[in-house]
2 protein chains.
Amino acid sequence: MTVAPTADAPLTRNQTLVLEALAAAPVPLGAYALLDRLRDQGLRAPAQVYRALDRLQARGLVHRLETLNAFVACREAHRAEGPVVFVICEHCGRARELTDEVIGGRLRGLAAEAGLALHSSSVELRGTCAACGRTAAGTDPETR
Amino acid sequence: MTVAPTADAPLTRNQTLVLEALAAAPVPLGAYALLDRLRDQGLRAPAQVYRALDRLQARGLVHRLETLNAFVACREAHRAEGPVVFVICEHCGRARELTDEVIGGRLRGLAAEAGLALHSSSVELRGTCAACGRTAAGTDPETR
DNA sequence: AGCCGAATGTTATATCATAACATGCGGGCT
DNA sequence: AGCCCGCATGTTATGATATAACATTCGGCT
Ligand SMILES: [Zn+2]
Ligand SMILES: [Zn+2]
Ligand SMILES: [Zn+2]
Ligand SMILES: [Zn+2]
């Protein structure tokens, strides 16, 4: 979740580069994978990537997948809504972003019952996607 | 979640040490924090701690908190049930483990709808707990 | 031009996690 | 007993992820 906080200044150059690289990737990318892809465009150090990611996350344009230490561009434009659910295939690495009112509502309810002032949430489901499940179990995306 | 897989051999020495250290701690501990606390009992290297943690997690006796890179002893004895929800105070660092049938059921439903064969789940709510919220906002546990 | 705040560039280092290989110990077998 | 084997353990080294700290540049403003 991580609610969008403030005004929309235009994205800076580095933020744009990082966001576009994420949007173009079929799978979540780690900070160093981003750095590799952006060396040509002038990025040199991890700090540059992490800074851009921080700002993009603060705006809700990028999400961090905690179980992967990786990042995705937000596909929805939810940016202010509640908890998001990620569905992650451990096989092909693809991640889908969902929102669900039952989950969102109940998580807010649980936080309230627990006396927690909710700042952010992370919900990630891991498993094998339908496509990977159909190809002989154990096949990995490189093998196909 | 991360379902418990197999038979119960007795815990090994290192596993016992790690589990007891976690059970005694008021907050989740990282692997290196565990290592520090267990040097006296003979643990020397990160790999020893990570190995014990892996086995304890496989049995459902320990959970990993993905947003903290830290570990907690399981308080419930759920060990085979569905998704668990962690409620984490960013202030005092305490984490509570909950299970909720609405969340559990709906997450399984979402996975099924998405065509995902669910292997494990991670659900973490972050915020400020009631105790920390009452003490002048911004107070941290060291300060009190 | 001179100032200021924000973004950027750069170097170094902290933190988290695993690979790879050696050693030791116990249980079953001959 | 002596051997073998599986498995936990010990140990060293390295990989992967993330941040601290400080110098530099850029753009708007007066
Ligand atoms: Zn999103
Ligand atoms: Zn897949
Ligand atoms: Zn548990
Ligand atoms: Zn608290």
Side-chain angles (χ1 to χ4, degrees), chain A residues 2 5-22 25 27-59 61-72 90 93 120 122 124, chain B residues 2 5-22 25 27-59 61-72 90 93 122 124 126:
Chain A
T2 308
T6 31
D8 309 84
L11 294 181
T12 67
R13 169 183 161 76
N14 288 357
Q15 289 164 23
T16 305
L17 289 170
V18 167
L19 182 56
E20 288 179 353
L22 285 178
V27 295
L29 296 178
Y32 284 75
L34 279 164
L35 181 54
D36 286 344
R37 297 180 186 217
L38 294 173
R39 265 186 231 282
D40 294 347
Q41 349 281 316
L43 292 209
R44 304 292 180 78
Q48 295 175 281
V49 173
Y50 281 108
R51 281 200 286 241
L53 287 169
D54 286 346
R55 311 249 155 81
L56 291 167
Q57 283 179 263
R59 289 178 175 227
L61 299 176
V62 160
H63 302 290
R64 174 183 170 82
L65 295 180
E66 298 289 347
T67 65
L68 297 177
N69 294 335
F71 303 85
V72 289
E90 291 172 334
S120 69
S122 164
E124 302 180 21
Chain B
T2 308
T6 32
D8 308 85
L11 294 182
T12 68
R13 170 183 163 76
N14 288 356
Q15 288 164 23
T16 306
L17 289 170
V18 167
L19 182 57
E20 287 179 353
L22 284 177
V27 295
L29 297 178
Y32 283 75
L34 279 165
L35 181 55
D36 286 344
R37 296 180 187 215
L38 294 174
R39 266 186 228 282
D40 295 347
Q41 346 282 316
L43 293 210
R44 304 293 180 78
Q48 296 175 281
V49 174
Y50 282 107
R51 282 199 285 239
L53 287 169
D54 286 347
R55 311 254 154 79
L56 291 168
Q57 284 179 263
R59 289 178 174 226
L61 299 176
V62 159
H63 302 290
R64 174 183 170 83
L65 296 179
E66 298 288 347
T67 65
L68 297 176
N69 294 336
F71 303 85
V72 289
E90 292 173 331
S122 165
E124 302 181 21
R126 307 189 44 141

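Naming: A, B, ... by sequence-line order, numbering from 1 per chain.
Here the P atom of nucleotide C/dT8 and the CD atom of A/Q15 are 6 Å apart, to the nearest Å. Taking atom CG of B/L35 as the reference point, atom C1' of C/dT18 lies 15 Å away to the nearest angstrom. Atom CG of B/D36 and atom C1' of C/dC16 are 13 Å apart (whole Å). Atoms CZ (A/R55) and C1' (C/dA6) sit 8 Å apart, rounded to a whole Å. In this structure, the OH atom of A/Y50 is 18 Å from the P atom of C/dT11, given to the nearest Å. Rounded to an integer number of Å, the gap from B/L29 CG to C/dT15 P is 15 Å.
In terms of heavy-atom proximity, A/Y32 sits nearest to A/P46 at OH-CG, 3.4 Å. Heavy atoms only, all atoms of each residue included: A/L34 and A/A21 are closest at CD2-CB, 3.7 Å.
Here B/Y32 lies parallel enough and close enough to stack on the base of C/dC16, with planes under 30° and ring centres under 5.5 Å apart.
Put simply, the side chain of B/L22 does not reach to within 4.5 Å of the side chain of B/L61, judged on heavy atoms. Annotation: side chain of B/R126 is in contact with side chain of B/L68 (closest heavy-atom distance under 4.5 Å). Inter-residue side-chain proximity for B/Q15 and B/V18 is flagged as unmet; no heavy-atom pair is nearer than 4.5 Å.
Of the two residues near DNA chain C, A/G42 and B/A47, the one whose nearest nucleotide lies more 5' is A/G42. Residues A/A52 and B/D54 both approach DNA chain C. Their nearest nucleotides, taken by heavy-atom distance, put A/A52 toward the 5′ side. Of the two residues contacting DNA chain D, namely B/P46 and A/G30, the nearest-nucleotide position lying further toward the 5' end is that of B/P46.
Look at A/T12 and you'll find a side-chain N or O under 4.0 angstrom from OP1 or OP2 of C/dT8. Between A/Q48 and C/dG9, a side-chain N or O to OP1/OP2 separation shorter than 4.0 Å is present. A close approach under 4.0 Å does not occur between any side-chain nitrogen or oxygen of A/N69 and OP1 or OP2 of C/dA17. Within the 4.0 Å cut-off from OP1 or OP2 of C/dC25, not a single side-chain nitrogen or oxygen of B/R13 is found.
Note that the first and last nucleotides of DNA chain D, 5' to 3', having any atom under 4.0 angstrom from a heavy atom of chain B are D/dA8 to D/dT12.
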Requested in this report: With side chain to side chain donor-acceptor pair (under 3.5 Å) as the test, would you mind laying out the steps for B/R55 and B/N14 before giving the verdict?
Outcome: CA-CA 10 Å; B/R55 311 254 154 79; B/N14 288 356; over 6 Å; no
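Side-chain atoms of A/E66 and B/T67 form no donor-acceptor pair, as typed in the model, at a separation below 3.5 Å.
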